[in-house]
Amino acid sequence: GARGGGAGEPIAYYRDPDDAYFEKLAKLPPVDEAAVDALVAERSRLRAAFEYDAADAVKAQILALGVTVVDVRGQEAWYVTPRHSRTLEAAEAAEVGAERAAKAEEAQLAARAKVEEERGVAKARAVKPEKAVSPPAAPPPPASGKVPAPQADVRENAQQIEAAVTGAVDVIWAVGALFKEKQEERAAEEKRRAEERAVARAKAAEERAKEAEEEAAAEAAAAA
């Protein structure tokens, strides 16, 4: 049926579609659906009339029956089996997704900081030294006649810069690999959850079909 949407209009609550199946699976005593529906409807009416104290008193009666009420807008429902409600799947998925996104962002920020640090080191090493005052005349060469190579320091600086750049590239590749791994983990987890939901719904449908057959057989026997 349609849910109430106007100002001051009570909102309709329904038992979660899978709750009865999981109740039977857990071998729990069947809840009095008519009584719970009446209490939930009365609480909804009181909330719409802004009579919150009276609504809380009715909610206490509902909780005493072992019933949980979901007040999420657009997902209003009630159930007795712990967290088997499909109405909570969207909220749970959003919570898990937000947590994973926060962890992935934290890893990216850490990797980015490391890359920036490597770039800063490379940049500092690449800065050319200020032009120095011409030194006094070099002393005469040693007796061996060998003069130290003037390009030795330049080659060493170039090698250091190359090593720093290579390290930064490696970090960038590592960040990409980490991001891809996180995406694959998330896809695998979502696939697993989807398979679990499909199995649960298939079982619920099978159980309902079986109950319908049993009821039809009982009616046929009674009619005979």
Please assess I62 against R43 for the test side-chain contact (heavy atoms from CB on, under 4.5 Å), listing each intermediate value before the final yes or no. CA-CA 9 Å; I62 297 172; R43 173 176 176 265; 4.1 Å; yes
Between Y79 and V70, is a side-chain contact (heavy atoms from CB on, under 4.5 Å) present by the stated rule, with each step listed? CA-CA 8 Å; Y79 61 92; V70 179; 3.6 Å; yes
Kindly determine whether R193 and E190 satisfy salt bridge (charged side-chain N to carboxylate O under 4.0 Å, His left out), including the steps that lead there. CA-CA 5 Å; R193 288 175 61 83; E190 291 177 351; over 6 Å; no
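For E106, the CD atom counts as loosely surrounded, since its 6.0 Å shell holds 12 or fewer non-hydrogen atoms of other residues, nucleotides or ligands.
Taking the side chain as every heavy atom from C-beta outward, L25 and K203 never approach each other to under 4.5 Å. Residues L39 and V67 are not in side-chain contact: their nearest non-hydrogen atoms beyond the backbone lie 4.5 Å or more apart. With contacts defined as side-chain heavy-atom distances shorter than 4.5 Å, the pair T81/L28 qualifies.
L46 and L65 fall within the same hydrophobic cluster, defined by Ile, Leu, Val, Met, Phe, Trp and Tyr side-chain heavy atoms under 4.5 Å apart, directly or through other members. Connection of I11 to V36 is established within a shared hydrophobic cluster, with ILVMFWY side chains joined at heavy-atom distances below 4.5 Å, either directly or through further cluster members. Both V69 and V80 are members of a single hydrophobic cluster when ILVMFWY side chains are connected at heavy-atom separations under 4.5 Å.
Contact record, A77 with Y13: N-CD2, 3.6 Å, taken as the closest heavy-atom pair. For the residue pair V171 and A111, the shortest heavy atom distance occurs at CG1-O, 3.8 Å.
A donor and an acceptor atom, one from each side chain of D19 and W78, are nowhere located under 3.5 Å apart.
A salt bridge links R208 to D18: at least one charged side-chain nitrogen sits closer than 4.0 Å to a carboxylate oxygen. Checked for salt-bridge contact, E206 and K210 miss the test: no charged N lies under 4.0 Å from a carboxylate O. Classification of D56 and R47 as a salt-bridged pair fails, no side-chain N sitting under 4.0 Å from a carboxylate O. A salt bridge is defined here as a Lys NZ or Arg NE, NH1 or NH2 lying under 4.0 Å from an Asp or Glu carboxylate O, and E117 with K114 fails to meet this definition. Classification of R15 and E23 as a salt-bridged pair holds, one side-chain N sitting under 4.0 Å from a carboxylate O. By the 4.0 Å N-to-carboxylate-O rule, E189 lies close enough to R192 to be salt-bridged with it.
By the salt bridge (Lys or Arg N to Asp or Glu O under 4.0 Å) test, E207 is found to be paired with K24, residues two or more places apart in sequence or in another chain being considered. Taking the side chain to side chain donor-acceptor pair (under 3.5 Å) definition, one finds that E181 meets it with nothing, sequence neighbours left out.
How far CD of E211 is from CD of E214: 7.0 Å, rounded to the nearest 0.5 Å. To the nearest 0.5 angstrom, E213 atom CD is 11.0 Å from E215 atom CD. Between the CD atom of E196 and the CZ atom of R201 there is a distance of 12.0 Å, given to the nearest 0.5 Å.
A donor-acceptor pair under 3.5 Å is absent between the side-chain atoms of E33 and the main chain of V31, judged by distance alone.
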